[in-house]
Amino acid sequence: MLLKGSCHCRAVEFSVDAMSPAPFMHCHCSICRKTAGSGGYAINLGAHADSLKVKGREHIKIYNAVMREEGQSDTRSPAERNFCGECGSALWLWDPRWPELIHPHASAIDTPLPKPPEVVEAALAYAPDWIDVPGGKGHIHCDTWPPESLEDWHKRQGLWSGK
């Protein structure tokens, strides 16, 4: 599915071919909440990195998040969180450990996205008390990360359009 996206100020516009376009997971980890949160979480999609086309690349900034684990030294994540340096909008995440993938933020996508048949509420152990976590039918709760990958979830739902 061809997705078109942009930042809030429109300094950056992009397109990408997504094989997993359904916004199925809300990530409540502190990195996602603080760098790209909407509703107290971030939502990433899955796409082919080599399909990314960008207008306004000169406005993009990259943040490598600090990984803070209790009892361990802080480290920098190799994952690159791309955002607009003008308005601060989160755009996509790219990680050199999986260079063939790019994860656009659903909040930056202008193309209508398919409504997911269920939503995974991930990293709930890190969600602050003020967040009203949706529950009930159609919501799967995970203290940390779900056992299914982005690809596996889309395949199980019949929504995979990968190569």
Side-chain angles (χ1 to χ4, degrees), residues 3 5-16 18-110 113 116 119-134 139-154:
L3 301 180
S6 61
C7 64
H8 183 260
C9 73
R10 301 274 181 190
V12 178
E13 295 178 353
F14 67 95
S15 65
V16 67
M19 67 286 209
S20 43
F24 84 106
M25 184 172 72
H26 299 163
C27 183
H28 296 272
C29 82
S30 66
I31 296 169
C32 287
R33 271 189 299 108
K34 291 178 179 257
T35 63
S38 57
Y41 49 77
I43 303 169
N44 290 331
L45 308 172
H48 301 287
D50 62 0
S51 71
L52 179 66
K53 293 180 178 66
V54 181
K55 179 181 163 198
R57 192 176 287 275
E58 68 273 16
H59 300 288
I60 294 174
K61 303 290 184 198
I62 294 173
Y63 176 65
N64 297 87
V66 177
M67 309 293 288
R68 295 184 174 97
E69 305 266 340
E70 195 170 318
Q72 297 180 22
S73 297
D74 291 354
T75 58
R76 282 269 174 204
S77 169
E80 298 179 355
R81 287 169 163 73
N82 291 254
F83 64 97
C84 175
E86 304 300 320
C87 68
S89 296
L91 301 170
W92 63 80
L93 179 138
W94 178 81
D95 193 316
R97 294 171 290 187
W98 300 279
E100 71 282 1
L101 300 175
I102 194 160
H103 298 286
H105 285 270
S107 58
I109 299 300
D110 300 317
L113 295 172
V119 176
V120 176
E121 303 292 340
L124 290 174
Y126 309 106
D129 291 341
W130 64 264
I131 293 177
D132 185 16
V133 178
H139 286 273
I140 298 167
H141 288 195
C142 298
D143 282 343
T144 56
W145 314 116
E148 267 182 319
S149 69
L150 178 77
E151 179 178 335
D152 290 342
W153 183 93
H154 276 78

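Excluded from the calculations below are hydrogen atoms, water molecules and symmetry mates; all remaining heavy atoms, backbone and side chain alike, are included. What you are looking at is a predicted structure, and each value in this text was computed from that prediction instead of being measured.
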Residues at least two apart in sequence or cross-chain that pass salt bridge (Lys or Arg N to Asp or Glu O under 4.0 Å) with R57, listed by chain then number, are none
Once salt bridge (Lys or Arg N to Asp or Glu O under 4.0 Å) is applied, do any residues pair with D152, and if so which ones, sequence neighbours excluded?
none
Nearest 0.5 Å, please: how far is CG in L3 from CG in L113?
6.0 Å
Cut-off 3.5 Å, no hydrogens considered: what does the side-chain donor-acceptor table look like for residues 77-87, sequence neighbours left out?
unit_1	atom_1	unit_2	atom_2	d
S77	OG	A79	N	3.0
N82	ND2	E80	O	3.1
E86	OE2	H59	ND1	3.2

Tell me every residue that passes ring-ring contact (aromatic ring centres under 6.0 Å, His included) with H26, counting only those two or more places apart in sequence or in another chain.
Y41
What pairs with A122 under side-chain contact (heavy atoms from CB on, under 4.5 Å), at least two apart in sequence or on another chain?
M25, V120, W145, P146
Suppose we screen for ring-ring contact (aromatic ring centres under 6.0 Å, His included). Which residues come up paired with W153, at least two apart in sequence or across chains?
F24
Counting C-beta onward and ignoring hydrogens, is there a side-chain heavy-atom pair between L52 and W92 closer than 4.5 Å?
yes
Applying side-chain contact (heavy atoms from CB on, under 4.5 Å), name anything that partners T75, two or more places apart in sequence or on another chain.
M67
What residues, two or more places apart in sequence or in another chain, satisfy salt bridge (Lys or Arg N to Asp or Glu O under 4.0 Å) together with D74?
R68
Please tabulate, for side-chain N and O atoms in residues 5-14, each donor-acceptor pair with protein atoms closer than 3.5 Å (sequence neighbours left out).
unit_1	atom_1	unit_2	atom_2	d
S6	OG	R10	NH1	2.7
S6	OG	D110	OD2	2.8
R10	NH1	D110	OD2	3.3

Those residues that, when tested against D132, pass side-chain contact (heavy atoms from CB on, under 4.5 Å) (two or more places apart):
none
Looking only at atom types and distance, does a side-chain atom of H154 sit under 3.5 Å from a main-chain N or O of A22, one as donor and one as acceptor?
yes
Between the CG atom in L101 and the CD atom in E151, the distance rounded to the nearest 0.5 Å is 8.5 Å
D95: side chain to side chain donor-acceptor pair (under 3.5 Å) partners, not counting sequence neighbours:
R97
Checking A47 now: which residues fulfil side-chain contact (heavy atoms from CB on, under 4.5 Å) with it, not counting sequence neighbours?
V16, A18, I102, P104
Minimum side-chain heavy-atom gap P23-L45 below 4.5 Å:
yes
Between OG of S15 and CD1 of I109, what distance do you get to the nearest 0.5 Å?
9.5 Å
